Amino acid sequence: MRYRVAFLILFLIPLLWGAVSLLRAGSAYGADCPGLVLGADGESHPEPMRRGDRCELSYDTETGHSIGTSTYRQVMFGQELKRRSLYWQGTLVTLYGSAGMGIVVVAARRCKLAARDCDGSLLCTAR
C-alpha cells in the first residue's frame, strides 16, 4: 500500500506538469516584446506588437541603447517555436505520467486479486 501511494504521487507530478505545459502553450498568443516596442514612426507604443513595429531588446532607458532589434515577424516566429516546444513537452510528460499511473493502478489491482502472494511490492507474482 505504501509503495502504491508513493508511485502514484511520483507519476502525478509529471502528469500535472504536462497539463500546465499544455495550458501554457494554449494560452500563448500575440507578440510580446521583451523590451521596448517602437512603431513605424519610431515612437514607443504599448504592447502588443503590431505589423510594422519593431522590438528593441533589453532596452536601457539611461543610455538609450539596446542589445538588438527584432521585427514583428521575428518575434512571432520565436513565440511559435516556444509554443511548439511547450506542446511537445506537455504532451510527452502528460503521456509519461498517465502511463505510469496506469501501470501502478493495474499492478495494484493485480496484487489485490492475487492477495496471497502480494507482499506490498509494486509488481506481484500472480500464479
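Note that this is a predicted model, so its numbers are computed, not measured.
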Open item on the list: Applying ring pair (Phe, Tyr, Trp, His ring centres under 6.0 Å), can you list everything that pairs with Tyr87, at least two apart in sequence or on another chain?
Closed with: none

TODO: Write down the atom of Ser21, the atom of Gly90, and the distance for their closest heavy-atom approach.
DONE: CB-CA, 3.7 Å

Open item on the list: With salt bridge (charged side-chain N to carboxylate O under 4.0 Å, His left out) as the rule and sequence neighbours excluded, what pairs involving residues 70-80 come up?
Closed with: Glu80-Arg83, Glu80-Arg84

- [ ] Would you please name every residue forming a salt bridge (charged side-chain N to carboxylate O under 4.0 Å, His left out) with Arg24, sequence neighbours left out?
- [x] none

Task: Residues clustered with Leu81, ILVMFWY side-chain links under 4.5 angstrom - done: Phe77

TODO: Of all the heavy-atom pairs spanning Ala25 and Leu86, show the shortest one and how long it is.
DONE: CB-CB, 3.5 Å

TODO: Would you mind reporting whether Leu8 and Val105 have side-chain heavy atoms less than 4.5 Å apart?
DONE: yes

TODO: Give, for atom OG1 of Thr69 and atom CD of Glu56, the distance between the pair rounded to the nearest 0.5 Å.
DONE: 3.5 Å

Open item on the list: Working to the nearest 0.5 angstrom, can you tell me the gap between Leu22 CG and Thr94 OG1?
Closed with: 4.5 Å

Open item on the list: Starting from Leu95 and following side-chain heavy-atom contacts under 4.5 Å between hydrophobic residues (I, L, V, M, F, W, Y), which residues can be reached?
Closed with: none

Open item on the list: With side-chain hydrogen bond (donor to acceptor under 3.5 Å, both in side chains) as the rule and sequence neighbours excluded, what pairs involving residues 5-16 come up?
Closed with: none

Task: CZ-OH distance between Arg51 and Tyr72, expressed to the nearest 0.5 angstrom - done: 4.5 Å

- [ ] Could you grab the distance from atom CZ of Phe11 to atom CD1 of Ile103, nearest 0.5 Å is fine?
- [x] 6.5 Å

- [ ] Please name all residues satisfying side chain to side chain contact (heavy atoms under 4.5 Å, CB included) with Trp88, sequence neighbours left out, ordered by chain then number.
- [x] none

Task: Residues that Ser70 engages under side chain to side chain contact (heavy atoms under 4.5 Å, CB included), provided they are two or more places apart - done: Cys55, Leu57, Gln74, Val75

Open item on the list: Please enumerate all residues that pass side chain to side chain contact (heavy atoms under 4.5 Å, CB included) together with Leu12, with sequence neighbours excluded.
Closed with: Leu15, Leu16, Met101

Listed pairs under 3.5 Å, donor-acceptor, residues 33-43 side chains, sequence neighbours left out:
{"residue": "Asp41", "atom": "OD1", "partner": "Glu43", "partner atom": "N", "Å": "3.1"}
{"residue": "Asp41", "atom": "OD1", "partner": "His45", "partner atom": "NE2", "Å": "3.2"}

TODO: Hey, could you give me the CD1/CZ distance between Ile9 and Arg4, rounded to the nearest 0.5 Å?
DONE: 12.0 Å

